[in-house]
Amino acid sequence: MHDIDPDDSLSIGEVAARTGVAKSALHYYEQLGLISAERTLGNQRRYARHMVRRISLIVVAKRLGIPLTDVEEAFRTLPHDRRPSTSDWRKVSTTWRATLEQRRLQIERLERELNGCIGCGCLSMKSCSLLNPEDTLAEEGPGPHRI
Ligand code: FES
C-alpha cells in the first residue's frame, strides 16, 4: 500500500465511468496484468490516470476482435509506470494491423472455398477444400481419418 495522491489517480468507479468498462472487467484486466492499480491505506484501488489509455486500447482491441492473449503480448512492451508514448502505440497498432490483414486474407480464402461448395453439397472429406484444407488428410496416409 502506498500514500497515493488522489488528484493524480482515479477510483475504479471513475475509471469505469470514463472508459465505459465494467468494474468486473477492470478487475479481470488487472488479474491478467494488463492494467495495474495501487491500493490506498483503506485498501481501495487507485488507478494512475494513464491507465485510462491502456484500457482504451483494450476496448479498441475488443472492437477489432483482437484476443486478450494478443493484447497481453503487445502490452508486455508498454510501460506500466507512465503514459505510453506515440511510438509505443504505433508499434502496437502496427502489430494489430498485421493481425487484421492476416485475418482478412484467411476470410477471403475461406470465402473462395465456400463459393466452390455452394451448390455442390458433396461434403467429401477427400475433395472438399473446406473439410480438407490443402489436402491435409492426404498427409495422414490412405484410408479413413474422420468419423
Ligand atoms: S461441398 Fe463439395 S467441395 Fe465442398
Side-chain angles (χ1 to χ4, degrees), residues 2 4 8-40 43-147:
H2 302 271
I4 300 155
D8 201 32
S9 62
L10 301 166
S11 70
I12 190 164
E14 289 169 324
V15 171
R18 280 184 188 213
T19 60
V21 174
K23 290 179 189 176
S24 57
L26 293 172
H27 290 169
Y28 182 57
Y29 297 154
E30 199 178 323
Q31 275 173 21
L32 294 177
L34 297 176
I35 59 173
S36 56
E38 298 286 338
R39 297 286 182 150
T40 63
N43 205 27
Q44 303 274 309
R45 281 182 172 82
R46 296 296 297 186
Y47 293 91
R49 287 181 180 278
H50 63 77
M51 281 295 151
V52 169
R53 299 276 301 210
R54 288 176 81 96
I55 297 161
S56 299
L57 204 65
I58 298 169
V59 171
V60 167
K62 275 187 76 176
R63 182 139 186 265
L64 297 173
I66 302 285
L68 281 179
T69 48
D70 285 15
V71 177
E72 274 180 291
E73 198 176 312
F75 276 21
R76 271 189 220 126
T77 61
L78 296 182
H80 260 274
D81 59 343
R82 65 168 170 81
R83 183 185 167 140
S85 67
T86 304
S87 124
D88 290 328
W89 291 127
R90 193 175 301 131
K91 268 185 252 165
V92 170
S93 54
T94 302
T95 304
W96 289 353
R97 188 179 57 195
T99 303
L100 289 183
E101 175 66 7
Q102 276 177 353
R103 197 188 306 154
R104 187 183 64 76
L105 293 172
Q106 187 186 27
I107 287 171
E108 280 178 6
R109 185 174 49 76
L110 288 170
E111 232 173 43
R112 279 194 304 275
E113 290 174 3
L114 182 62
N115 281 340
C117 292
I118 290 174
C120 172
C122 71
L123 293 175
S124 162
M125 296 292 181
K126 198 171 174 192
S127 58
C128 176
S129 54
L130 277 178
L131 285 169
N132 186 12
E134 294 162 23
D135 204 11
T136 51
L137 293 180
E139 293 164 15
E140 296 173 24
H145 303 287
R146 292 183 182 152
I147 297 172

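Just follow the structure's listing: the first ligand is 1, and inside any ligand the first atom is 1.
For Arg82 and Asp88, the salt-bridge test passes: some basic side-chain N is under 4.0 Å from an acidic carboxylate O. Taking a cutoff of 4.0 Å between a charged side-chain nitrogen and a carboxylate oxygen, Glu14 and Arg18 do not qualify as a salt bridge. Using a 4.0 Å cut-off between charged side-chain N and carboxylate O, Arg97 and Glu101 make no salt bridge.
Coordination check, Cys122 versus atom 4 (Fe) of ligand 1: failed, since every N/O/S atom of the residue sits at 2.8 Å or beyond. Atom 4 (Fe) of ligand 1 lies under 2.8 Å from an N, O or S atom belonging to Cys128.
Between Ser124 and ligand 1 there is no heavy-atom distance shorter than 4.0 Å.
Taking all heavy atoms of Cys117, Gly121, Gly116 into account, the minimum distance to atom 4 (Fe) of ligand 1 is reached by Cys117.
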Subject >> From CA spacing to verdict: side-chain contact (heavy atoms from CB on, under 4.5 Å), Tyr29, Val71 >> reply: CA-CA 10 Å; Tyr29 297 154; Val71 177; over 6 Å; no
Q.
Pair Thr77, Lys91 - check side-chain contact (heavy atoms from CB on, under 4.5 Å), show working.
A. CA-CA 9 Å; Thr77 61; Lys91 268 185 252 165; 5.7 Å; no
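Heavy-atom contacts of Cys120 reach the following atoms of ligand 1: 1 (S), 2 (Fe), 3 (S) (cutoff under 4.0 Å).
Scanning the protein heavy atoms around atom 1 (S) of ligand 1, the nearest turns out to be Leu123 N, 3.4 Å.
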